[in-house]
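Owing to the predicted nature of the structure, the values given are computational and were not obtained by experimental measurement. Naming convention: chains lettered A, B, ... in sequence-line order (proteins, then strands); numbering from 1 in each chain.
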Amino acid sequence: SQQGEEDPQALSIQEGENATMNCSYKTSINNLQWYRQNSGRGLVHLILIRSNEREKHSGRLRVTLDTSKKSSSLLITASRAADTASYFCATNSGGSNYKLTFGKGTLLTVNP
Amino acid sequence: KAGVTQTPRYLIKTRGQQVTLSCSPISGHRSVSWYQQTPGQGLQFLFEYFSETQRNKGNFPGRFSGRQFSNSRSEMNVSTLELGDSALYLCASSLLPGPKETQYFGPGTRLLVL
């Protein structure tokens, strides 16, 4: 079953613009992670934010987490054509039954 | 440090056959997880191994099985293949199991069942 739901499903922007993707989830989490996938290849880990954190930065990436609303957002600033990919949020509920539960992803297209 | 490697990268099988996929984790990583990715269901957790023991299993039929060797390499097997098993199978490794660990993914094995 899908835990995270990304919004929008697809996003098309011009190079240099910012891209914002949102993720909502249903149950309490230990942490939330964002991954990137280029054209059906493996997943690349972008950033992990723990449940007691509200915001985290990594280069051009900014992730926020609102546990009261069970939502997270990923902001990519000054986007580049190379950022074109699918972006997934994955939640980790912790405990002994450790696994990542992924959303269906946002397909980001950055036009040069 | 080399990343997670998966072999083969592409595979074509026919219904009823069985298939074995292999995953070599990042050196030093002892936990391996497997995921199935399809356009319809997205990314779904299959199972997780640590110290040659299956710690966690997703909601898949018994045709899907796996194992982990003493060097942390892992294999997954799918028997009596069905058309719906066509998917990208992704392996991920982490130093240890648990919610605080980042999982690093391999490039995947794309399986096509005809």
*Residues in ring pair (Phe, Tyr, Trp, His ring centres under 6.0 Å) with Phe50(B), at least two apart?*
none
*What residues of residues 106-114 of chain B sit under 4.5 Å from chain A when only non-hydrogen atoms are counted?*
Gly106(B), Pro107(B), Arg110(B)
*What do the steps show when you test Glu6(A) against Phe88(A) for side-chain contact (heavy atoms from CB on, under 4.5 Å), and what is the final call?*
CA-CA 7 Å; Glu6(A) 287 91 343; Phe88(A) 296 88; 3.9 Å; yes
_Strictly distance-based, threshold 3.5 Å: is any side-chain N or O of Lys13(B) a donor or acceptor partner for the main-chain N or O of Glu82(B)?_
no
*Mind checking the CD1-OG spacing from Ile26(B) to Ser24(B)? Nearest 0.5 Å is all I need.*
11.5 Å
*Side chain, backbone, both or neither: which part of Leu48(A) has an atom under 4.5 Å from a heavy atom of chain B?*
side chain
*Contact part of Gln6(B) toward chain A, heavy-atom cut-off under 4.5 Å: side chain, backbone, both or neither?*
neither
*Going by the side-chain hydrogen bond (donor to acceptor under 3.5 Å, both in side chains) test, which pairs reach into residues 74-89 of chain A, not counting sequence neighbours?*
Arg60(A)-Asp83(A)
*Under the side chain to side chain contact (heavy atoms under 4.5 Å, CB included) test, which residues partner Thr20(B), sequence neighbours left out?*
Glu75(B), Asn77(B)
*Provide the closest heavy-atom pair for Ser22(B) versus Arg73(B) in the form atom of the first, atom of the second, distance.*
OG-NH1, 2.9 Å
